[in-house]
Amino acid sequence: MYFRASILVALPVLWLTACSGLPVGSGRAGQVTIVNGEFPVLTRGMTLAEIRQTLGEPAEIQPGTGATDVTSEVWVYYLEKSLGRSTVVSGLTGTLGGDFGRAGMGPDYIIAERKLLVTLRLLMVNGRLFAQSAKSDERMEF
């Protein structure tokens, strides 16, 4: 069971359409970066080394297309953050009879782990961060 919330974060529209690709959470095991605490803050102009120091190695590096005098790449990261546990209703149970012959129904509850999965795309131009986009899904794992 999935609860989805898609979010687009601060990017030029043309770049977003050019960078469409894998859906959120489609990274293979070992390529997902677990985020503890706050998400890292990235600013335009950060170098390749600063990005690697902050986020580690990208899950994918996609070569850019465009002008020959510009070197561009799209770095893709798959991030996962635990949002804690929640009690959710999994269904209803019913009883016939009971005290004084009344029928009753009540909810069944289970504990679910809430996770935020983020696909982060970074447009790197001439070795520096130029633009970024993020797409997120919230999931419940039972």
Side-chain angles (χ1 to χ4, degrees), residues 1-99 102-142:
M1 180 180 277
Y2 299 105
F3 294 93
R4 292 185 161 226
S6 294
I7 302 171
L8 293 177
V9 179
L11 283 195
V13 173
L14 293 175
W15 187 71
L16 277 175
T17 57
C19 293
S20 61
L22 295 173
V24 170
S26 63
R28 290 180 217 104
Q31 292 181 315
V32 174
T33 302
I34 305 298
V35 176
N36 295 315
E38 297 296 319
F39 279 99
V41 175
L42 306 176
T43 57
R44 187 174 180 171
M46 289 179 79
T47 65
L48 302 173
E50 291 170 326
I51 299 291
R52 280 193 170 104
Q53 183 179 7
T54 303
L55 294 174
E57 289 297 316
E60 298 175 40
I61 298 178
Q62 303 166 349
T65 58
T68 56
D69 60 338
V70 175
T71 304
S72 67
E73 298 175 320
V74 176
W75 286 15
V76 181
Y77 288 88
Y78 302 107
L79 308 173
E80 178 180 299
K81 179 177 177 61
S82 175
L83 299 176
R85 294 179 181 221
S86 296
T87 303
V88 295
V89 175
S90 63
L92 296 173
T93 57
T95 58
L96 295 176
D99 295 338
R102 291 178 290 158
M105 294 197 73
D108 282 335
Y109 296 98
I110 59 172
I111 303 294
E113 180 75 23
R114 294 177 52 222
K115 291 190 177 183
L116 183 64
L117 305 173
V118 177
T119 298
L120 178 64
R121 288 182 169 79
L122 306 177
L123 177 59
M124 307 300 289
V125 176
N126 293 333
R128 294 194 174 271
L129 177 61
F130 181 76
Q132 59 185 311
S133 73
K135 190 183 227 182
S136 66
D137 281 345
E138 186 176 330
R139 295 190 180 170
M140 300 286 240
E141 294 184 0
F142 302 99

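Atom set for the values below is all heavy atoms of this structure, side chains included, hydrogens, waters and symmetry mates excluded.
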message = Can a side-chain donor-acceptor contact be found between Glu80 and Thr33 if the only test is distance below 3.5 angstrom?
response = no
ask   = Any donor-acceptor pair under 3.5 Å linking the side chain of Tyr77 with the backbone of Gln31?
value = no
task = Would you name the heavy atoms of Met140 and Ser86 that are closest together and state the gap between them?
result = CE-CB, 4.2 Å
ask   = Checking side chain to side chain contact (heavy atoms under 4.5 Å, CB included) for the pair Ser82/Arg114: CA distance, chi angles, key distance, verdict?
value = CA-CA 6 Å; Ser82 175; Arg114 294 177 52 222; over 6 Å; no
query = Do Tyr78 and Glu60 meet the criterion of a side-chain donor-acceptor pair at a distance under 3.5 Å?
reply = yes
ask   = Is any side-chain heavy atom of Met124 closer than 4.5 Å to a side-chain heavy atom of Phe130?
value = no
request  = Using side-chain contact (heavy atoms from CB on, under 4.5 Å) as the criterion, list what pairs up with Phe39, not counting sequence neighbours.
outcome  = Val35, Leu79, Lys81, Leu116, Val118
inquiry  = Within the 4.5 Å heavy-atom criterion, are Glu73 and Gln62 side-chain neighbours or not?
reply    = no
key: Side-chain (Asn126) to main-chain (Thr71) donor-acceptor, under 3.5 angstrom   = yes
task = Please tell me if the side chains of Leu123 and Leu129 come closer than 4.5 Å, counting only heavy atoms from C-beta onward.
result = no
task = Test Leu83 against Lys115 for side chain to side chain contact (heavy atoms under 4.5 Å, CB included), laying out the working first.
result = CA-CA 5 Å; Leu83 299 176; Lys115 291 190 177 183; over 6 Å; no
remark   = Correct closest heavy-atom pair for Pro58 and Ile61 would be CG-CG1, 3.5 Å
Tabulate below the donor-acceptor pairs under 3.5 Å that side-chain atoms of residues 48-55 make, not counting sequence neighbours, or state none.
from	atom 1	to	atom 2	distance (Å)
Glu50	OE1	Thr47	N	2.7
Glu50	OE1	Thr47	OG1	3.4
Arg52	NE	Glu57	OE1	3.1
Arg52	NE	Glu57	OE2	2.8
Thr54	OG1	Glu50	O	2.9

message = side chain to side chain contact (heavy atoms under 4.5 Å, CB included) for Val88 and Ile110? Distances and angles first, verdict last.
response = CA-CA 6 Å; Val88 295; Ile110 59 172; 3.7 Å; yes
ask   = Hey, mind stepping through Val76 and Leu122 against side chain to side chain contact (heavy atoms under 4.5 Å, CB included) and telling me if it holds?
value = CA-CA 6 Å; Val76 181; Leu122 306 177; over 6 Å; no
inquiry  = If I compare all heavy atoms of Thr119 with all of Arg121, which pair ends up nearest, and what's the gap?
reply    = CG2-NH1, 3.2 Å
